[in-house]
Each structure stands twice: as C-alpha cells, then as structure tokens.
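For reference, the structure is listed below as structure tokens.
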There are 2 protein chains.
Amino acid sequence: MVTATGGTRGPAHLVLTAAVARRYYLDGRSKVEIAEEFSLSRFKVARLLDDARASGMVRIEIGHPGTIDVELSSQLMATLGLTHCVVTDTQEDEPASLREHLGAAAAELLSEVVTPDDVLGLSWARSVSAMATALRSLATVPVVQLTGALARPGVDDSSIELVREVARVSGGPAYFFYAPMAVPDAATARALRRQPEVAQAFSRIGSVTIALAGVGAWAPEQSTLYDATSETERAALAERGVCAEISGVLVDAAGEPVRSALTDRMIGITAAQMCAVREVIAIVYGLAKVDAVLAAVRGGMVNSLVTHSTLATALIEAAGRKAAP
Amino acid sequence: MVTATGGTRGPAHLVLTAAVARRYYLDGRSKVEIAEEFSLSRFKVARLLDDARASGMVRIEIGHPGTIDVELSSQLMATLGLTHCVVTDTQEDEPASLREHLGAAAAELLSEVVTPDDVLGLSWARSVSAMATALRSLATVPVVQLTGALARPGVDDSSIELVREVARVSGGPAYFFYAPMAVPDAATARALRRQPEVAQAFSRIGSVTIALAGVGAWAPEQSTLYDATSETERAALAERGVCAEISGVLVDAAGEPVRSALTDRMIGITAAQMCAVREVIAIVYGLAKVDAVLAAVRGGMVNSLVTHSTLATALIEAAGRKAAP
DNA sequence: CGAACGAGCGCTCAAATGAGCACAGGGGGG
DNA sequence: CCCCCCTGTGCTCATTTGAGCGCTCGTTCG
C-alpha cells in the first residue's frame with residue numbers, strides 16, 4: 001500500500017524525519033543513539049528512515065571525483081561482464097584529444113593492475129601509443145610486442161618505439177621487432193616470423209597475461225588494417241561477416257574469428273592466443289565501433305575497456321537491446 | 001610507488017568502489033552479499049565504502065518534498081532547542097503573502113500536534129489569524145482566547161472571530177471575549193477582567209497546553225502593541241531593555257519579563273502563565289525580529305517556531321554567534 | 001644489509017540492525 | 001451497536017555490522 005499523497009503526514013513529522021535522517025546519514029550516528037536523543041524506540045527511528053528513503057527525502061548519489069565517470073564505468077563493467085572498465089567523462093568529439101584522454105586513463109589503469117608477475121603485451125594502435133606517452137610508472141615486467149606495425153604514410157607516431165618506451169618505464173625486458181602488420185603474401189609472412197627478433201617475441205606471446213589493444217570496425221577510417229587492405233579483399237571479408245579487428249585478428253558479429261588468406265599474411269598474435277591472455281584491455285572511441293566492441297567482448301578477445309561516456313552509453317544500450325529485444 | 005594525489009588510488013579501484021557503493025547505497029544489498037558478488041571479504045567491502053564516503057564519492061542529501069525546508073527546520077529546532085519547528089522555503093518579501101504561507105504551515109502543524117487532550121490558546125496577531133483562515137481540521141479541543149484584540153484603525157481582519165472560527169473547525173467549546181489588549185488605566189483593566197466572559201476565558205488559561213502567538217520586536221511596525229503605545233512609554237520601556245513582545249508580554253533580551261505600568265493595563269495572559277504552557281508556537285517573519293525571537297525562546301515563552309527560511313538562517317547564525325563569540 | 005614502520009588484510013566478539021510477530025486503538029461497514 | 005480490518009507500535013531472534021587486534025608484506029632509514 002503506497003500512500004497516494006506521497007507521505008504528507010504533517011510538517012512536524014516531516015521535520016522529525018529530516019532531523020533523524022540528518023543524524024543518521026550525515027552525522028553517522030547509530031539508530032540507537034538517535035532513538036535515545038529523540039526519545040523514540042529504535043524501531044520508530046528505523047521506520048522513519050525507511051520513510052525518508054522511500055519518499056525520496058534522502059537522496060544518495062554516487063559522484064565522480066575526477067574525469068572518470070565511475071557510475072557508467074561500473075554499469076558497463078556489469079553489463080558486459082568485464083574485468084576492468086574505465087569510462088572517461090569527456091564528451092569531446094575530436095579524435096586526437098579523445099585518444100589522449102583515453103591513453104592517460106589507460107596508463108593509469110595499467111599502472112594499477114599490472115603486478116610484477118605479469119607479462120605485458122602491446123598491440124600496435126594509435127590509442128596504445130597514446131597510452132605509452134602518458135605512462136608514468138609500471139611494475140617491472142617483460143613487455144612483448146604482439147603485432148607488426150602498420151605505419152600509415154605521412155603519420156609519424158614514433159610508435160615503432162612503443163614497446164621499448166613502455167619497457168623503459170617498466171624497467172623490464174622488451175621483446176620487439178621491426179616488421180609490418182601485414183605483408184603481401186603468406187610466404188613472406190612465414191619468412192618474417194622466422195626472423196630471430198620476431199620469433200623471440202612470438203615465443204613470449206603465450207606467457208602474456210595482460211595485453212593492450214585497440215578495436216577497429218571493419219569500415220573505412222575505423223581500422224588501420226581495413227584502410228591498408230585492397231578493396232577486393234575488404235569486400236570479401238565483409239561478406240564473410242567480419243565485424244571487428246582486434247590487434248590484427250578479425251572476428252564476426254558473434255565474436256568468432258574469421259580465418260582467411262589475410263590471416264596467413266599477418267605478422268602478429270593469433271585469435272586463439274589472444275583468447276588465452278588473461279586480460280585484454282581495449283582502448284576504444286567513436287560511436288561507429290559499438291558493434292565491433294560488442295563482437296570483441298562476446299568473442300572473449302577483450303575483457304576490459306577504456307572508453308568515453310558517449311560510447312559507453314551506446315554500448316550499454318546496444319547490449320540491453322540485444323539481451324531483451 | 002608514488003601516489004602523488006591524495007586518494008587517487010587508480011581508476012580500477014575507483015570503479016570498484018563505485019560499483020560497491022552503488023550496490024550498497026542504491027540497490028540496498030548487504031555488505032556480505034556484495035562481498036560474495038565481488039569476491040572480497042566483507043571487511044574489504046566495508047573499507048571500500050568508508051573510502052567512498054570519506055572521499056566524497058557518495059553524496060547524501062536531505063531534500064525537501066514540499067514548501068518546507070526540512071533541513072533548516074531541524075537545524076533551527078536543534079539550535080534553539082525547540083519542540084517543533086517549521087521553516088517554509090518561500091523567500092517572498094511581501095509580508096501579506098509570507099503571512100499567508102506561514103499561516104498555512106502553522107495550520108498544518110496545529111492539525112498534526114493537537115490531540116483531544118489538549119487545550120488550545122490563541123493570542124491576537126495577524127499571523128494567528130492567517131493560521132485560522134488556513135485551518136482545515138483540528139481535534140476537538142477547547143479554544144481559549146489569551147489576549148484582548150488590538151484592532152488597528154482601517155484594518156479589518158475580521159479577526160475578532162478568530163477564536164470562534166478555530167473552535168468551529170475543532171468542534172470544541174470557545175472561550176472568547178470582546179475587549180482590547182490594552183486599556184488606558186489599570187482600574188479599567190481590573191474592571192474588564194471581572195467581566196464574566198473575560199473571567200471565564202482567563203480561568204481556562206491555566207489549563208492551556210498549546211498556544212499560538214506572534215512575536216513582536218520593540219520597534220515601529222514590528223509590534224502592534226508598540227504602535228499602540230504612547231511615545232513616552234515606548235521610550236521608557238525600551239530603556240528598561242524591552243526587546244520582544246509575545247502576546248502582550250514584554251521581555252528583555254535575556255527573555256526575562258519586564259514588569260511596568262503597561263503590564264497592569266493589559267488584558268491577557270501573564271508572563272508566568274505563558275511559561276507554564278507546555279508548548280507555545282510562534283509564527284514569525286521579517287528579519288527585524290531576530291533578537292526578539294531569540295529573547296522569547298531564551299525566556300521560555302516560546303518553544304516552537306513557524307517561520308521562513310531567511311529568518312531561520314539569520315536566527316541560526318545569530319544563535320551561533322552568541323554561543324561562540 | 002637489517003630493522004623499524006606503516007599499510008592492507010582478515011579474524012573475533014560485541015553492538016547494531018532487520019524481519020517477522022503480537023498487541024492496542026480507532027474508524028467504517030454490517 | 002458491535003466487529004473487523006488497518007495502522008502504528010514495540011518485542012524477539014537471527015543476521016549484519018563495527019571496533020579493535022594480530023598478521024604479513026613492502027618500504028625506508030640507519
């Protein structure tokens with residue numbers, strides 16, 4: 001039975017309730033103390049407090065002390081079943097600035113979650129590079145390059161140094177190599193993989209416990225790999241249902257890896273290896289990547305996210321629609 | 001490990017804290033449940049919640065559902081040690097409108113706190129009249145007129161009917177009389193007091209348990225009695241420290257009654273009788289009355305207040321300054 | 001290099017709290 | 001007119017929670 005008038009039980013009752021609520025919630029007194037102070041039974045106090053909360057007189061909010069939207073973060077974490085999740089509060093639309101913010105957030109997250117027992121894997125992505133730039137401290141761990149680089153003409157991110165830079169901050173050994181992410185044919189790829197540096201890095205992939213990656217959508221400007229692929233191949237892959245690209249690994253909307261000729265021409269971590277990594281943290285931005293992120297998470301390729309509030313909201317909404325259509 | 005900024009313990013910790021806080025404060029889960037859900041010890045959960053509150057991440061506010069500022073009300077109640085207190089949220093400066101609002105609030109308060117065992121006393125004041133106008137329901141109690149009326153020329157509040165009107169709503173007997181609040185000399189006063197109606201009402205004053213009154217400051221336009229007094233007498237009384245007037249009773253800044261020739265010329269409740277009333281509810285408005293209200297409360301003449309937020313704030317501040325100068 | 005220190009963690013025990021129950025009083029319907 | 005339901009109240013007992021303790025581990029200073 002709900003009182004229709006919303007609890008208008010007289011002003012004195014209202015004021016008493018407020019006083020009790022103040023003592024309890026703001027001054028931290030126990031209900032017994034309050035009961036004694038106001039000459040009430042503790043049950044009465046408890047009921048007063050229940051009323052106060054039910055009538056909306058006591059409002060409790062979870063705030064954000066910094067640039068992180070903690071509410072959205074935990075919601076998204078719960079919705080997608082993530083291990084970690086950081087949602088920044090910036091509603092910036094400019095990609096560069098967004099990337100910088102997310103990079104900083106990811107750097108903080110990494111500083112926090114990486115322990116000396118971990119092995120860190122880094123995929124090649126501008127957002128990961130931004131993370132490296134912002135990284136200030138890191139436990140001493142081996143740092144392993146997971147993919148070849150895919151430098152785009154005219155863009156110098158100096159990100160070939162990515163792994164070395166992070167390893168320098170960490171103080172641990174760096175396993176890196178100079179090779180492209182994709183090569184023209186499978187034979188070249190096989191040859192490259194036999195290169196000592198490449199082979200050495202690859203041999204460490206199995207022991208990686210935490211990896212950082214970007215997530216690309218299979219569309220123009222939404223994936224460096226897409227942009228570097230021939231038009232015929234793009235179309236063919238799209239037809240096979242490719243939805244997302246994570247660290248060179250292509251998956252469909254359900255998150256299942258899509259094998260293709262391109263797979264054999266890649267220099268980098270495989271789908272199976274990526275799934276085996278305990279925690280893959282993806283830095284993602286841009287509303288175009290909603291489906292790609294969902295696919296990556298569903299497929300178990302990604303279990304942690306660093307993103308911005310707009311995308312986070314869209315993700316929660318999309319996941320909700322999927323769950324209960 | 002250098003944590004430069006206090007409390008910044010990493011975004012993952014922040015998000016976890018937020019998630020725990022949400023479950024606890026918003027979803028009402030027990031700490032044990034939360035501990036199981038997040039695979040933590042219940043102590044860890046408790047510490048997380050302590051952190052969340054200490055760092056200001058959890059904000060708890062006491063809101064006001066209506067026109068009553070419950071926070072201010074209870075603060076004022078605590079500060080002055082009042083029995084009841086109602087502070088309306090109106091910041092109206094127009095006296096008539098203010099009086100109307102306060103009258104309505106007082107009427108609600110009266111409906112709530114008056115029980116069939118009470119005896120209600122009414123003093124003559126425009127604010128009490130406003131209360132009567134707004135009064136809709138009241139337990140069946142005797143209603144006693146406490147003072148003569150002091151009708152000002154040109155102002156018709158039809159408030160001679162005050163006591164009868166309230167008694168009609170209540171359904172109880174009315175003890176009223178037609179006499180002025182002050183007469184030219186003590187002999188006339190004595191004669192008037194012997195009038196049957198007056199004597200009958202006066203004989204009931206001792207049994208009054210709840211009284212309503214206004215509070216006047218001893219200054220022009222701040223007390224009907226002041227305005228009706230000769231200039232010589234005004235000055236003499238001011239010199240004797242008169243600070244406030246409650247229902248015809250004059251008190252100094254400390255709340256002590258000030259006896260004078262005027263006292264003998266008054267038709268109404270005495271200081272001692274007023275102190276004996278269990279609860280005297282004063283309806284007050286206007287910042288000029290800060291000191292008067294403090295005096296009335298200190299002297300024990302008034303133990304409940306109905307007022308507006310501006311005056312309430314000023315009262316709290318003034319009381320605070322007095323307490324710790 | 002070792003010891004002192006402080007932070008973080010989980011335990012114990014007592015106090016605080018919640019859920020359900022029994023009882024009293026009051027108002028409306030039979 | 002009486003009875004029943006409904007609300008408000010305080011009780012008992014099981015669960016939850018808080019305060020203080022000792023432990024361990026990492027850090028820092030001698």
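The sequence lines fix the lettering, A, B, ..., with proteins before strands; numbering per chain opens at 1.
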**Prompt:** Given that A:R42 and B:L40 both sit by DNA chain C, which one's nearest nucleotide is further toward the 5' end?
**Reply:** B:L40
**Message:** Without decimals, in angstroms, what is the distance between A:E33 CD and C:dA16 P?
**Reply:** 7 Å
**Phosphate contact (D:dG18 OP1 or OP2) by A:S30 side-chain N/O below 4.0 Å** = no
**Message:** Given C:dG18, C:dC9, C:dC11, identify the nucleotide with an atom nearest to the side chain of B:F43.
**Reply:** C:dC11
**Asked** Can you tell me if CD on B:E100 sees more than 12 non-hydrogen neighbours from other groups inside 6.0 Å?
**Response** no
**Request:** Would you indicate, yes or no, if C:dC9 has its OP1 or OP2 atom less than 4.0 angstrom from a side-chain nitrogen or oxygen of B:S41?
**Result:** no
**Item:** Within-4.5 Å side-chain heavy-atom neighbours: B:L16 and B:L48
**Value:** yes
**Request:** Measure from the side chain of B:K44, starting at C-beta and using heavy atoms only, and say which of D:dG18, C:dT17, C:dC9 lies closest.
**Result:** C:dC9
**Request:** Run the numbers on A:F176 and A:E165 for side chain to side chain contact (heavy atoms under 4.5 Å, CB included), then give the verdict.
**Result:** CA-CA 11 Å; A:F176 63 97; A:E165 199 175 320; over 6 Å; no
**Protein-nucleotide distance (B:R29, atom CZ; D:dT16, atom C1'), rounded to Å** = 15 Å
**Item:** Euclidean distance, atom NE2 of residue A:H13 to atom C1' of D:dT9 [Å, nearest integer]
**Value:** 13 Å
**Asked** Between A:E36 (CD) and D:dG10 (C1'), how many Å, whole number?
**Response** 16 Å
**Prompt:** Rounded to whole angstrom units, what separation is found between the CG atom of B:L49 and the P atom of D:dA19?
**Reply:** 13 Å
**Item:** Between C1' of D:dT17 and OH of B:Y25, the distance in whole Å
**Value:** 12 Å
**Asked** Mind checking whether A:S309 and A:D89 have side chains closer than 4.5 Å, heavy atoms only?
**Response** yes
**Message:** In the structure I gave you, are the side-chain heavy atoms of A:R278 and A:N303 within less than 4.5 Å of one another anywhere?
**Reply:** no
**Request:** Indicate, yes or no, whether a donor-acceptor pair under 3.5 Å links the base of C:dG18 to the side chain of A:R47.
**Result:** no
**Asked** Separation of B:I34 atom CD1 from D:dT17 atom P, in whole Å?
**Response** 8 Å
**Request:** Kindly say if B:K31 contacts the phosphate of D:dG18, meaning a side-chain N or O under 4.0 Å from OP1 or OP2.
**Result:** yes
